[in-house]
Amino acid sequence: MLLESARKFGTPQYLLDLDGLRERAIFFSHTMRHYIPNSEFFYAFKCNDLPLQVKTLKEEGFQADVAGIFELQLALKLGFERILFSGPGKSVEELKLALKKRKQVIVNIDNFDEIHRLKSLAGDRKSGRPLAVGFRLNAETSVDGAWSKFGFELEELKEAVRLVRQCPNLIWSGLHFHCSWNKTPKKYLENIKKIGTYLKENFPVEELRSLRFFDIGGGFYPEDQGIINKGEDKGMLLDILGIRRSSKLKIYEEMNFDPYAFSVTPVEPLENFGRAIASALQEYIFSFNPDIEIYFEPGRFIATHATTILLTVIAIKKNCAIVDAGINMLGDYKFSEYSFAPVVNITRPSTQMRRQVIYGSLCDPADCWGYSYYGEELQKGDTLAVLNQGAYTFCTAWRFIKPIPAYIAASGNRLTIARKAEKFQNRYAGCL
Ligand SMILES: Cc1ncc(COP(=O)(O)O)c(C=O)c1O
């Protein structure tokens, strides 16, 4: 199917396995519902907003989690019945649309200024049903404070609730946190405990009983993600030492360290997350509100494996191969710096891994797809498959030098164009 799609539509392309996507979505929702029956699933559009992908997930019972105006408009256009809107800097235009579509939309408020903006837009004369709002709570657990910009501190919650209560067109309906890149359930458990304990100590039970949802965000890390040695702690230290001594390569050699070898990041099975989160909810949340709905906002876990990027080798040099697309398809330098994804020569596949740098077609020395591949020795014209490229690639693709290629969708043995390749007129639309 991969080769057929490359033959039929050419390369480069993103290729979406729709059946695989459905399976993954069902696996996630069934696993979580098994442990937490009162769950709802909101797919994080930011992870991959290809309309066909989003529609397919809707068919599998997912609702929408959006973070910006286009995603919100897309969710409304596609008829999602429940749309969560979270983000740290919502514009007036976005908030107005949320208020207008209050039957479907729930806003997770991020900060006090947003409360004031929303209140002044909502007005203080009661008009129809109120807009349901939740508060995003800061779930910062990292030492470097990388996620500290998001949400309210727990101690600010009472004041936030008081301000929202003053507005007859807003109703406090839930709470939200999000923590990222979780290979174990640890951070979810810490946050549930912290928030549940605080709520019980600071709010009357009747008030907590009236809450509709507790939103525990996304951040479920998918399996099979690789990291190159260079991106591990030891590699980064050696890099710094190498720069100080002005030769990275020399220091790698001295330490007998292969910077481009990789390891696969271990991730606990999803069942462990479901079981552990259910038990924390039982203790800290259901004890005061047994009917509250638990919202999940998975992105990466659902989207990663279903998309493969297809490329063609267009030049072989002494020290590298060059393919027909650049990492503008990803919008990230991850493959040159820290991340590994399997690249397979699908023209002549094998399980043998070979070492060769595979560069892209951008005028940028860090435009690199990886340092190794599986298959017979690369030749000009070979088709390569870069696996597991469905999350934060197409939606983060750069407007840089080369066009953004087409997205093809496969289901059974049918192939269709889910999105056409970017054309000259798309790129320069609206320009003087
Ligand atoms: C609020 C929120 N929800 C959900 C997600 C999706 O996260 P992931 O793709 O890691 O599941 C993100 C990602 O940053 C987020 O910020």
Side-chain angles (χ1 to χ4, degrees), residues 21 24-25 27-29 31-32 39-50 53-54 57 62-72 74-75 80 82-90 94 98 105-111 114 133-142 145-152 174-188 191-192 195 213-225 265 267-268 270 273-274 277 294-307 330-332 334 339 388-396:
L21 179 72
R24 192 75 177 164
F27 173 63
F28 188 89
S29 57
T31 305
M32 288 306 178
S39 304
E40 274 295 333
F41 305 96
F42 296 76
Y43 169 63
F45 276 33
K46 64 175 79 69
C47 163
N48 186 335
D49 60 341
L50 180 76
Q53 167 137 337
V54 166
L57 293 170
F62 276 61
Q63 303 291 344
D65 165 42
V66 304
I69 188 87
F70 292 157
E71 294 179 8
L72 177 55
L74 181 63
F80 279 86
R82 291 214 242 175
I83 303 168
L84 278 173
F85 184 16
S86 310
K90 301 179 197 76
E94 289 168 342
V105 181
I106 299 169
V107 171
N108 277 324
I109 302 179
D110 180 85
N111 54 64
E114 194 167 287
V133 300
F135 297 103
R136 177 160 181 172
L137 296 170
N138 189 279
E140 176 63 26
T141 47
S142 63
W147 286 76
S148 60
K149 81 173 203 184
F150 296 98
F152 293 88
L175 289 164
H176 172 223
F177 73 82
H178 167 81
C179 45
S180 268
W181 292 46
N182 297 293
K183 288 113 192 171
T184 75
K186 185 168 168 271
K187 280 196 262 167
Y188 297 96
N191 282 313
I192 292 169
I195 296 169
F213 70 87
F214 187 54
D215 177 356
I216 68 167
F220 298 86
Y221 201 70
E223 323 83 282
D224 311 328
Q225 305 296 291
T265 311
V267 180
E268 281 193 31
L270 194 64
F273 284 77
I277 291 172
I294 304 304
Y295 289 178
F296 292 85
E297 304 170 350
R300 211 180 277 279
F301 190 91
I302 307 294
T304 296
H305 298 100
T307 291
L330 315 168
D332 200 328
K334 61 184 172 184
S339 180
N388 307 335
Q389 295 310 308
Y392 305 100
T393 54
F394 165 68
C395 61
T396 46

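As the structure lists them, so they are numbered: ligands from 1, and atoms in each ligand from 1. This is a predicted model, so every value here is computed, not measured.
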Exercise. Indicate whether the side chain of Asp332 and that of Tyr392 have a donor and an acceptor atom separated by less than 3.5 Å.
Key: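 Distance-only check fails for Asp332 and Tyr392.
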| task | Would you tell me whether Asp224 and Asn388 have side-chain atoms, one donor and one acceptor, within less than 3.5 Å of each other? | result |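 No, no side-chain donor-acceptor contact under 3.5 Å.
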Review point. Does Trp181 have a non-hydrogen atom less than 4.0 Å from ligand 1?
Key: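 No.
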*Is there a heavy atom of Gly219 sitting under 4.0 angstrom from any atom of ligand 1?*
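Gly219 counts as a contact of ligand 1 under the 4.0 Å cut-off.
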If we only count N/O pairs under 3.5 Å, is Arg300 in contact with ligand 1?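 Right, the criterion is met.
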| said: Would Arg136 count as a polar contact of ligand 1, with the cut-off being nitrogen or oxygen pairs under 3.5 Å? | reply: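 No, there is no polar N/O contact under 3.5 Å.
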Under 6.0 Å between ring centres, would you say that holds for Phe45 and Phe80?
->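 They qualify: ring centres under 6.0 Å apart.
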**Prompt:** Strictly under 6.0 Å, is that where the ring centroids of Phe273 and Tyr221 end up?
**Reply:**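 Centroid distance Phe273-Tyr221: not below 6.0 Å, so no.
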Top protein contact for [atom], by heavy-atom distance:
{"atom": "atom 6 (C) of ligand 1", "value": "Tyr392 OH, 3.5 Å"}
{"atom": "atom 16 (O) of ligand 1", "value": "His178 CD2, 3.6 Å"}
{"atom": "atom 4 (C) of ligand 1", "value": "Glu297 O, 3.3 Å"}
{"atom": "atom 15 (C) of ligand 1", "value": "Lys46 NZ, 3.3 Å"}

Would you give the length of the straight line joining atom CZ of Phe152 to atom CD1 of Ile109, rounded to the nearest 0.5 angstrom?
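Spacing of CZ (Phe152) from CD1 (Ile109) equals 6.0 Å.
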| request: For Thr396 and Thr393, indicate whether the former's side chain and the latter's backbone hold a donor-acceptor pair under 3.5 Å. | output: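 Yes; at least one donor-acceptor contact below 3.5 Å.
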For ligand 1, which atoms have a heavy atom of [X] less than 4.0 angstrom away?
{"X": "His176", "answer": "1 (C)"}
{"X": "Gly218", "answer": "4 (C), 11 (O)"}
{"X": "Gly299", "answer": "8 (P), 9 (O), 11 (O)"}
{"X": "Asp65", "answer": "3 (N), 4 (C)"}

* Should the pair Phe28 and Phe41 be assigned to parallel (<30°), tilted (30 to 60°) or perpendicular (>60°) ring geometry? ->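 Aromatic pair Phe28/Phe41 classed perpendicular.
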message: Less than 4.0 angstrom from a charged side-chain N to a carboxylate O is my criterion; do Lys46 and Asp65 meet it?
response: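 Salt bridge between Lys46 and Asp65, a charged N being under 4.0 Å from a carboxylate O: yes.
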